[in-house]
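Just so it is clear: chains get the letters A, B, ... in the order the sequence lines come, proteins before strands, and each one is counted from 1. Keep in mind that what you see is a predicted model, and the values were worked out from it rather than measured.
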Amino acid sequence: MDEKYFPEQIESKWQQRWNDDGVFHAKSDDPREKFYCLEMLPYPSGFLHMGHVRNYAIGDALSWFKRLQGFNVLHPIGWDSFGQPAEQAAIKRGINPRDWTENNIVHMRGQMKRLGISYDWSREIAAHRPDYYHWDQWFFLKMLDRGLAYKKVSQVNWCPKEETVLSNEQSSGGICWRCSTPVEKRDLEQWFLRITDYAEQLVAGIKQIEDGWPEKVLKRQSDWVGRSEGAYIDFTVKDSKQKIRVFTTRIDTIYGATAIVMSPDHPLLNELLEGSALKPDIEAFAQKVRTQKAAGREVGEEEKEGVNTGVLAINPFSGETLPVWVANYVLMEYGTGAIMSVPAHDERDMEFAQKYSLPIRQVIAPVTHEQIAAEPSPTTGGDASAEIKQAFTDYGILINSGDWGAKLSEVAIPEMSAFAKEHRFGEPAVTYRIRDWGISRQRFWGAPVPVVYCDKDGMVPVPYDQLPVVLPQSASFTGTGESPLAGVPEFVNTECPKCHGPARRDTDTMDTFVDSSWYFFRYLDPGNEAAPFDPNIAKRWTPVDQYIGGDSHAVMHLIYTRFWTKFMRDIGLVDFDEPVKRLLTQGMVTNRVEGTDEWKAMSKSLGNGVDPDEMIKAFGADATRLFVLFAAPVENELRWSETGIEGAVRFLRRVYTMIWRWQERLSNPIQAGAMEFSPDARTLRRKTHQTIAKITSDFEQLHLNTSVAALMELFNQIVDLNADPAQASNEDVFAIREALESLVIMLTPFAPHIAEEMWEALGHAGGLLSETPRWPVADPELARREELEIPIQVNGKLRSRVIAAPDVSEEDLRASALADERVQALIDGHEVVKVIVVPRRLVNVVIR
RNA sequence: GCGAAAGUGGCGGAAUUGGCAGACGCGCCAGACUUAGGAUCUGGUACCGAAAGGUGUGGGGGUUCGAGUCCCCCCUUUCGCACCA
C-alpha cells in the first residue's frame, strides 16, 4: 500500500482479487434474500460510451448497496449481439459479422472489467451464439403451436436506408428507430406475433407495476396499446343488403351524423361502387392517397380530402339517409376503416364538413352541474338551429336525438350501445391501436425462422429436436433488401421433416428484439441444454427487482418483454405477469456537438464521443464512476464536462490521504469504558449517523447524487474536527473511526476499488463482502438532532434564532421567542396578534 | 395542433414536501506554501448597498401567520403523440 493515490494500481489489484475470489458469483442455493439487479444488455458496437458507463455505474452502485446490506445479489451481463451494425460492417468492409461481433465483445468486456463493474461473468450470454438463439427458435415454434405466430402479406414499414422491415414500434413517429430515416410502406409477406392478443393484459398489467415504473413510460405504453371503448354500428346501404360497420366512442352523437366516411382502402368499396359511373374517379382518388402515404408521412397535417361515392346509407337510430364518402383522413388500420361523420362534435369531421359543405347538426349541448342537478329537459342547454363553427367534443346533454334527448352522454352511451345490440345493428366494442409485431427481417445476422417449405406439405415447422437451425458461416452481403440467406444454397435446400422430400428453408431472420425479450431469464440458467431455463431456478430469482436503462425503449423492448413474459406464463415457464418490479430510466449522457450549441447523445458519427478508457487512464475508474453518479440525478440528462471529474479525484484522494494519516492510530484497539465525548466529537458522531440514515434512504429511491454529496459533507465534518492522530483522545479516535469506517463502506457503491483498499488499510482482512451485512445502521438517538436552532420570524420574516433542545415545549419556545431582544424591539409599540409555534421548526410572531 | 413535465446563482444541482432558499461539487476571487503552479492548503463567492438593511426561485395575480413548494392566468423550454373516430 502506498501513501499516494495511484488509481491504476489499486484498481487492477482489486479487480484481480475479486476475480480470483469469485466474490460476485451469485449462487441459486444461497439462503439469503435475493436481489436481481439488471441493466439493459448492450449491443456490441465495439466501444463503450459514457451512456453505458452511467447505466452500469448506477446498477453497480445498487448491487453493492444490496450486497453490503446482506442480500444475495444477482448482477449479470451479456450481449445483444444480433443486428444491423454487424451486417453493415460486412456490407461496407467485407468483414464477417461473426468475427466483427466477437472481436467487439472481447474489447468491450475488457472495458467493463477495467471499470470494475461487479458482474457475475459466469452467466455471460450472447444472442448470436447457437446455444442462445436455439431458444429464440424454440419460443417461435411454441408461438406457432398456439397460433400466436402467423404469416401474412401486409403493408409494412420499410427503412430505405437500412433496406429492411421495421415493426410499428421501431418506426414510431414515422422514422426508423436506429437511423431516423423516414419510413416507407411496402407490401411484403411477413411473420407476425400476435401481441394484440395480449393488448388487454398489457394495459391491465400496468396496475401491478405502477408503483415501480416511471409514470412516463407507463403512459407511453398505455397510449401505444391505445385501448378505446366504444361501439360498432352497422349502417345499411340503401337499396342493398350490404352493411357498413363503423366504430365510434361517441354513440351518443349518432343523431348528429351527416355522412359515412370510408377509408380509400376499405375492402367493401369495390362492391359498393359496382356499376357506378363514379367508380373510376374514386379509384383514382384512392390511388392518389395511397401514393401519398407510401412516400411516408409529411411533417405537419395533410389537408383533408374526399369524394362523394353517391352511395347512401341509413342511420339505424334515426332512419335518416346519409351520403357515403371516401376520404384520406380515415385510416384502414384503425377501427373498421369507416366512421360516422359528426361534424358538430368531432374536430376532424368539422374540418371535413366545412370544406365540402356537409350539414352540421348539433346534438350535444354543454351542461353545467346545476343543470345536471335540476333534472334537465329535452330543450335544455342551447339552440340547436344556431350555426356552429367549432366542434363541441365534451360530454354533455343530448338534444335533437329522438327518444334519447335530455339524457346525459354518460348515461346515453351505454344505453344506446345496449339498444343497438338488442336490435342487432351494433354492439359495444373495445378497439386497440397496437398492431401485431412484425418480426421478419430480410437479414443475415439474426436467428433464422425455423420453418421450411415443401411442395407437398406446404409450410412445415422445424421439429424441436432439430433445433437450432444454425446460421451458415457466411453469405453474400449486398444490402439490397433481399435476404442474404436466400443466396446460400446449403442453407436453403433441406429436407422436409414430414415427407423427407426436398424443401426450402425460410430465409428471413427474426427481429433482434425477440432476443432481448427474454434474455434476463437465460442468465438464471445459462447452460441449460433442454429448455430456455429451468422454471424452478427462475422462481428463485425473478421477477427482476430493479431494471435500469434508457427510456428510448419505452415502447419497444419494454413492451415486447412484458408480452413475452405473459406468453411464458401461459406456457408454464413462469408464474407471474410482470417481469420487472422497478424500472429506472436513466438520462442520456450528452456532449456538445463540435462547433455548435447543441447537446446530443455521444456518438462516433457526431464526433462528440468520450472514450471511457481515456477517463479511466486519466482519472481512474473510481473517480469516473463517482463523478458520473454525482454530476446529476440519475434520471436527468447529463451534459458532459471534464472539469467536474477532477473534483471527484480530489475527494477520493483527500479521503485516502486521511485514512493513511490515521491508519496507525485507528488500528490500535482503544480501551473500552465510559466515554466522555467532546462537543466536536459528539457533533461528528451525530453527523455520521445522520449521514447513514440519509444515504440508506436515498438509495431506496436511487438519489445517488445526493448520497455522494452527503458523503462529502461527512468527510468535511471529519476535516473540521482537525484532530491530530498522535494527540487524539480515545473518544476522538472512537468518533473518527466510526465516521471513517462508515464513510468507507458507504463509498463502496460509488468507488469500490479505493473503498476496498481503505477498508484493508483500516485493519480489516478479507475484503468488504462477507456473510454478515456491513452496511452501517444509524442509531436513531444520534441521527436525531441534539439541539435545534429554531428561526424566529416576525410577520413571516426571519429576525432571530434560538437554540433549544429537541423536546422543547411549545410554551417554552414561545416564551424564549418573545424574550428575544430583537423581537422585543420590533414588537415595541405594536399589538401581538398571535404567535405561531411549529414544534421543532419555527416561531412566527404576528404583530400589527 | 393535442398531451405531459419542467423553469432556482456563472454552471450541474440541494431544500426533511407549506417553515433558515442556494447543501454538495464545478468555476471564479483572495491569501498561504512555493524557483514555478493548470499541484496542495485556507478563506470568500445569489443580487443591490460602504453599512444598517433591502431584494430575490420565468412573469402577473391569489390562498396563508408563512409559498421555490398549493391555486388561477401568461411566457419559455424539453419530451411524447401527431388525423386513433
Side-chain angles (χ1 to χ4, degrees), chain A residues 172-174 214-217 219-220 223-228 230-231 246-251 253 257 261 263 297-304 327-331 333-342 345-349 351-352 393 431-435 551 554-555 599 626-627 630-633 636-648 650-651 653-654 657 690 693-694 697 703 705-716 719 785 788-801 833-848:
Chain A
S172 169
E215 219 177 310
K216 218 171 115 186
V217 172
K219 168 131 196 344
R220 281 182 65 186
D223 287 352
W224 187 260
V225 176
R227 185 182 194 277
S228 178
V246 306
F247 176 73
T248 179
T249 54
R250 293 298 302 274
I251 193 172
T253 66
V261 186
S263 163
R297 237 172 249 134
E298 296 294 311
V299 187
E301 222 169 290
E302 267 175 56
E303 172 104 12
K304 289 184 178 45
N328 62 348
Y329 78 99
V330 178
L331 308 172
E333 304 86 72
Y334 184 76
T336 61
I339 60 156
M340 61 179 201
S341 177
V342 186
H345 305 293
D346 183 283
E347 279 161 21
R348 296 152 297 173
D349 294 341
E351 194 188 325
F352 189 69
T393 57
T431 59
Y432 301 91
R433 187 189 100 117
I434 192 170
R435 298 280 80 113
D551 72 352
V555 289
W599 293 80
L626 181 74
F627 171 66
F630 175 58
N636 283 24
E637 175 185 335
L638 169 53
R639 296 188 164 189
W640 185 257
S641 104
E642 233 146 86
T643 49
I645 195 168
E646 283 168 23
R650 207 170 295 153
F651 171 66
R653 188 164 47 218
R654 272 155 48 93
T657 309
Q690 283 160 12
K694 169 161 179 61
S697 85
H703 291 168
N705 59 324
T706 51
S707 291
V708 177
L711 286 175
M712 290 172 169
E713 279 189 65
L714 175 58
F715 177 75
N716 291 343
V719 171
R785 296 188 162 215
L788 303 167
E789 198 184 37
I790 293 181
I792 302 172
Q793 301 176 344
V794 176
N795 285 355
K797 277 201 197 314
L798 176 68
R799 295 300 179 182
S800 185
R801 296 168 203 282
V833 181
K834 56 177 156 177
V835 180
I836 289 135
V837 181
V838 184
R840 299 175 58 83
R841 277 290 157 73
L842 60 49
V843 183
N844 187 9
V845 181
V846 185
I847 61 175
R848 188 160 46 203

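Contact annotation: A/K219 side-chain N/O to B/A4 OP1/OP2 distance is not under 4.0 Å. A/N716 has a side-chain polar atom (N or O) that falls below the 4.0 Å cut-off from OP1 or OP2 of B/G25. Using a 4.0 Å cut-off, some side-chain N or O of A/S228 falls inside it from OP1 or OP2 of B/A85. Side-chain N/O atoms of A/R433 include one lying less than 4.0 angstrom from OP1 or OP2 on B/A82.
The neighbour count for A/E637 CD, taken as heavy atoms of other residues, nucleotides or ligands under 6.0 Å away, is above 12.
Residues A/V846 and A/N795 form a side-chain contact, since some pair of their non-hydrogen atoms from C-beta on lies under 4.5 Å apart. A/K216 places a side-chain heavy atom less than 4.5 Å from the side chain of A/D551. Side-chain contact between A/T706 and A/K694: present, with at least one pair of heavy atoms (C-beta onward) separated by less than 4.5 Å.
B/G59 and B/A67 are spaced 15 Å apart, taking the P atom of each and rounding to whole Å. Between the C1' atoms of B/U63 and B/G12, the separation comes to 34 Å (whole Å). Straight-line distance between the P atoms of B/A23 and B/U34: roughly 33 Å, to the nearest whole Å. Taking atom C1' in both B/C70 and B/C2, one finds a spacing of 27 Å when rounded to whole Å. When the P atom is compared between B/G19 and B/G68, the two are found 10 Å apart, to the nearest whole Å. Comparing B/G7 with B/G18, their P atoms sit 16 Å apart, to the nearest whole Å. Look at the P atom in both B/C33 and B/U42: the space between them is 15 Å, to the nearest Å. For B/U78 and B/G25, the C1' atoms lie 25 Å apart once the distance is rounded to whole Å.
When all heavy atoms of A/F627 and A/A648 are compared, the pair lying nearest together is CB-CB, 3.9 Å. The shortest non-hydrogen separation linking A/F247 to A/Y334 is CE2-OH, 4.1 Å. Here the closest non-hydrogen pair linking A/R801 and A/L798 is NH2-CD2, 3.7 Å. Taking all atoms of both residues into account, the shortest heavy-atom contact from A/A632 to A/N705 is O-CB, 3.8 Å. Between A/V330 and A/V261 the shortest heavy-atom distance is CG2-CG1, 3.6 Å.
Remark: side-chain polar atoms of A/D349 are not paired, donor with acceptor, to backbone N or O of A/A257 under 3.5 angstrom.
A donor N or O paired with an acceptor N or O is found under 3.5 Å between the base of B/C83 and the side-chain atoms of A/K304.
Comparing B/U40, B/C24, B/A85 against the side chain of A/E713 picks out B/C24 as the nearest. Checking B/C65, B/C83, B/C26 against the side-chain heavy atoms of A/R650 singles out B/C26 as nearest. For A/L331, the listed nucleotide lying nearest its side chain is B/C83; candidates were B/C83, B/C24, B/G27. Considering only side-chain atoms of A/T248, the nucleotide from B/A85, B/G27, B/C79 that sits closest is B/A85.
Regarding A/W640, its CH2 atom lies at a distance of 16 Å from the C1' atom of B/C11, rounded to whole Å. Atom pair A/L711:CG and B/A23:P shows a separation of 18 Å (rounding to whole Å applied). One can place CZ of A/F715 at 17 Å from C1' of B/A23, the figure rounded to the nearest angstrom. Look at CZ on A/R799: it is 12 Å from C1' on B/A52, rounded to the nearest Å. Between A/F651 atom CZ and B/A39 atom P there is a gap of 19 Å when expressed in whole angstrom units. Between A/F627 atom CZ and B/C11 atom P there is a gap of 16 Å when expressed in whole angstrom units. Residue A/I847 contributes atom CD1, which lies 13 Å from atom P of B/G66 at whole-angstrom precision. A straight line from CD of A/E642 to P of B/G27 spans 12 Å, rounded to a whole angstrom.
Among the candidates A/R220, A/R227, A/K219, the single residue satisfying the side chain to side chain donor-acceptor pair (under 3.5 Å) test with A/D223 is A/K219. Checked options A/V838, A/L842, A/N844; the residue passing with A/P791 is A/L842 (criterion: side-chain contact (heavy atoms from CB on, under 4.5 Å)).
By the rule that a glycosidic angle within 90° of 0 means syn, B/U17 counts as syn. Glycosidic torsion of B/G9 falls within 90° of 0, placing the base in syn.
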Look for any protein N or O under 3.5 Å of an N or O in nucleotides 7-9 of chain B and output each such pair with its distance, or none.
none

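Both cation-pi conditions hold for A/K304 and A/Y329: the charged atom is under 6.0 angstrom from the six-membered ring centre and inside a 45 degree cone around its axis.
Nucleic acid contact for A/T431: none, since no nucleic acid atom lies under 4.0 Å from a heavy atom of the residue. A/I645 comes within contact range of no nucleotide atom at all, as no heavy-atom separation falls under 4.0 Å. Residue contacts shown for A/G647 are limited to sugar-phosphate atoms, with no base heavy atom under 4.0 Å away.
RNA chain B is contacted by both A/E347 and A/V330; A/E347 maps to the nucleotide lying nearer its 5′ end (nearest heavy atom per residue).
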Notebook entry, point to check: Taking protein heavy atoms under 4.0 Å as touching, what does nucleotides 12-22 of chain B look like 5' to 3' if B marks base contact, S marks sugar-phosphate-only contact and - marks none?
Noted result: BSS-B--BB--

Note to self: One pair to check against side-chain contact (heavy atoms from CB on, under 4.5 Å): A/M340 and A/T253. What are the steps and the verdict?
What the structure shows: CA-CA 10 Å; A/M340 61 179 201; A/T253 66; 3.6 Å; yes

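Stem analysis of RNA chain B (Watson-Crick or G-U pairs, both distances under 3.5 Å, runs of at least three) returns B:1-7 with B:75-81, B:10-12 with B:24-26, B:27-32 with B:40-45, B:46-48 with B:53-55, B:58-62 with B:70-74.
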